[in-house]
Amino acid sequence: MNRTGIRMNRYTNLHRLKLKLVTGNKKITVTIEEKLNLRSGYGDFRAAGEGWNAHEVRRRLALWKEKKEEEEEEEAFLHKLVACEISQPSDFGGEAQHKTGTVPKHENKHGPLTDHLLSGPIMVPRNGEATAVVALLKFSSMEKLQNQNELNLSATLSTGLLHLSLSPTESHYSQDYHRLVCILEACKVSPNLRTTAGAHANIIKLGYGMYPSLISLMVVTYASCDRLNLARQLLVEIPTEYFDAVSANLMIARFMKMGAVDVAKMVFNEVPLRDLVTWNSLIGGYVKNDMCKEALSVFRKMLRSNVEPDGYTFASIITACAKLGAIDHAKWVHHLMTERRIELNYILSSALIDMYSKCGRIEIARGIFDSVERTNVSVWNAMINGLGIHGLALDAIEIFSLMEPENVSPDSITFIGLLTACSHCGLVEEGQNYFQLMKSLYLIQPQLEHYGTMVDLLGRAGLLDEAYTVIKEMPIEPDAVIWRTFLSACRIHKNSEMGEVASTKISHLGSGDYVLLSNIYCSTKKWDNAEKVRCLMKWKGVRKNSGKSWVEVGNVVHQFKAGDQSHPEAELIYRTLKELFHRTKLEGFSSTTELVLMDISDEEKEENLSYHSEKLALAYGILKSSPGTRIQVSKNLRTCPDCHSWMKMVAKVLNREIIVRDRIRFHHFADGYCSCGDYW
C-alpha cells in the first residue's frame, strides 16, 4: 500500500474541513462536514469526494494521525540533537577498525553529540523527500547486509539520478563505505537532517568515525542542512591529525560558498598539512565574501610559509586589490607576478586590466590592454567596463569599434559595459542605438541587466516616462534591481509620484529603498510622508546602510565611518578637516544644506554634512601624503553632492589631484573640476 500524505486546510467554519489526499499519482479532494475529532479521527460526519466514502476518510485520517505521531517523535529527537553542547572530545574508533571492518564497542565516554546519535533511532525522511536515502537507510542495522555479495541500488531523487553499483569482489567494508558516501551526497543535494543524523549514527557504529573523507563529508552535509552548530561541534570533537588536505579543502570551499567564513577558518587553522589548494581555497573564499583585507593578510602569511602561489592565487589576490582600490597593493602583486614569471592567460590579463581600472589607474589598464593577447572577449570586456566606470564613454566606444577588425565578437557582457558607459556620460541616443544593434546585428537577446542599464540611461537623463515605458514593455518580469534603479532616478529628479509607484513594485523593501523614498519626500518638502517612511523603517527594524570610506596610506588600508572617532589619529584628522573647511570657505565654498533631508536648522545641517566618511578619509590622506601627490578615496555608497562640490574646491585650493571611487563610478577632481561633469 502506498503511503498517503494528507494536507489539511482549515476554513473559517470550524465544522467544515477540506482535505487533499494523495495516493500514488492520484490527487483527490474530500470535503468533510459536521463534527470531527482530529485526535481520534472519528466522529459523526459525512464526506464527499471522488470515490471516497466516510469509512475511507476515517481510515486515511487514522494513517495521518499515526504519521503525525512518528513525525513528532522524530522532531523531538532532532530538537535534542540540535541542543547538544560540547562537553568533551569523542572517541569514535580507530584506524584498525576501518581496516578489519569490525564494529567497535562503545565503552569509552563520548561527547553529547555522539552519545545522542548512538542512542537515538535511525532517522528516515518524510514521504516525498530523497527517496533514494529512504531505500539506503531503511534497515535497523547495517550489519544485516554484511554478508551480501552484491548490491545494486538506483533511485531517482527530486534533483536528479543517483546510481550505485558494487561488484561481488568488494568487501562488506567497501559496501558500507560507499553506502554512507551515497547517503551523505544525496543529503547534500536534497538536505534532510533526519537522514543525515541517521547516517552519522551508522558511521560511528560501523567504526568509520575517523575516516577523513566521510567525516569531512559529514561536516559539509550538516552545513547543507543549515546546522552550522553541529558542523562546528563535530570539528571540535575530532582530533586534527585525522584531517588530510583533500578533506580540509573540500570543507573550506563548501563553507566559504555558504558564507560560513568562521568555520572555514577554523578548518584551515586545524588542518596539520596544508597544500597550495588549501591556501587558495581560503584566500578565494575571503575574496568572494568581500573580506579582501583578510585575503591579503593570508596571502602574506602564505608567502612567509614558503608556499609558491600559482595563477589561481594571483587571480584571487588581484580581485581583492580591485575591490579595495588599493593601488600600492596592486602594484606589489603585479610585481610579484612578474618576478615569479607567472604566465599571463586571458583570465589574468582581464583581471589585471580590471584591477588597475578599479584602482584609479586607467592609463596603466590601457597599457596592459595594448600589450597582451586579445583573442578572448573577456579582455575586451574588462577594458570597456573600466573605461565606462571612469566616465570615458567615447574611449569605450572606440575600443568596441576595434573588435570587428580583430575578429572578436562581442557578447552580452560587452553591451552591458557599453550601455553603462553611455549612461554615465548621458549619451542617450548612442545608448539606444547600441541596444538596438545588439538585438538586430549580433542577435543577442536582452536580459534583465540590459534592460536595467537602459532604465538607468533614460532615468539619469530625466526621461522618467520613457524609462517607465521600457519597464512596462519588457518581455520578461522586471526584478527588484530594475525598480530600484528607477526609484533612484526618481530621487535624482525629485518625482515622488513615480517614486511611490516604484516602491510598491519592490516586494521586499531594503534599507536603501526606504532611504530613497524618504529622500524623495524630503527633497519635495513632504516632511509628513518622509516621517511615515522613517517610522515604518523603525517599526520593521530596518537600519540605514552606513557609509564607509577607505584610503590607502603606507601599504595600509584605513577605513572610516561618518563621524568616526575610533582612528588612533582622530584628533589630527579632525584638526586637518577643520583647516580644510576654513580654506575652502575663504575660496567661496558653502555647504549645500538643502541636501540634509531633515527638518532642522541650517547650522545643524552643515554640521551633519561636515563629517561624512569620504571627507574624513580625504583629510587623513592629505595629512599623511606629500604636497602635490595624488590621493585616492573609495566609498561603498554614492558620494553626496555636498562632498562632491567640496572635493572640487579642495583639489583647486591644494593644487592636487583627488580620485574618488564611489559605488557607481570614478570621479577625478583637478583644478576645481570633476571628470563626471557633475553628471552622476
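Quick note: numbers below take in every heavy atom, side chains included, and nothing from hydrogens, waters or symmetry partners.
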Only counting residues at least two apart or in another chain, list the ones meeting salt bridge (charged side-chain N to carboxylate O under 4.0 Å, His left out) with Arg460. Asp456
His567-Phe560 aromatic ring centre distance below 6.0 Å: yes
Does one side chain, of Asn636 or Asp662, offer a donor that lies under 3.5 Å from an acceptor on the other? no
Taking the six-membered ring for Trp, is the centroid-to-centroid distance between Phe268 and Trp279 below 6.0 Å? yes
Beyond-backbone contact of His644 with Cys640, side-chain heavy atoms, under 4.5 angstrom: no
Is there a side-chain contact between Ile368 and Met355 (heavy atoms, below 4.5 Å)? no
Tell me yes or no: between the side chains of Ser378 and Ser350, is some donor less than 3.5 Å from an acceptor? no
Between Tyr679 and His424, does any side-chain donor sit less than 3.5 Å from a side-chain acceptor? no
Tell me if a side-chain donor or acceptor on Asp310 pairs with a main-chain N or O of Thr313 at a distance below 3.5 Å. yes
Which atom pairs, donor and acceptor, lie under 3.5 Å between side-chain atoms of residues 291-301 and protein residues at least two apart or in another chain?
from, atom 1, to, atom 2, distance (Å)
Lys293, NZ, Val557, O, 3.4

Here's a test for you: under side-chain hydrogen bond (donor to acceptor under 3.5 Å, both in side chains), which of Arg361, Arg661, Glu657, His668 qualifies with Gln632? Arg361
Is it true that the side chains of Asn385 and Asp354 contain a donor and an acceptor less than 3.5 Å apart? no
Check the angle between the aromatic planes of Phe486 and Trp483 and answer parallel, tilted or perpendicular using the 30° and 60° thresholds. perpendicular
Could you name each residue pair satisfying salt bridge (Lys or Arg N to Asp or Glu O under 4.0 Å) that touches residues 666-680, not counting sequence neighbours? Lys648-Asp678
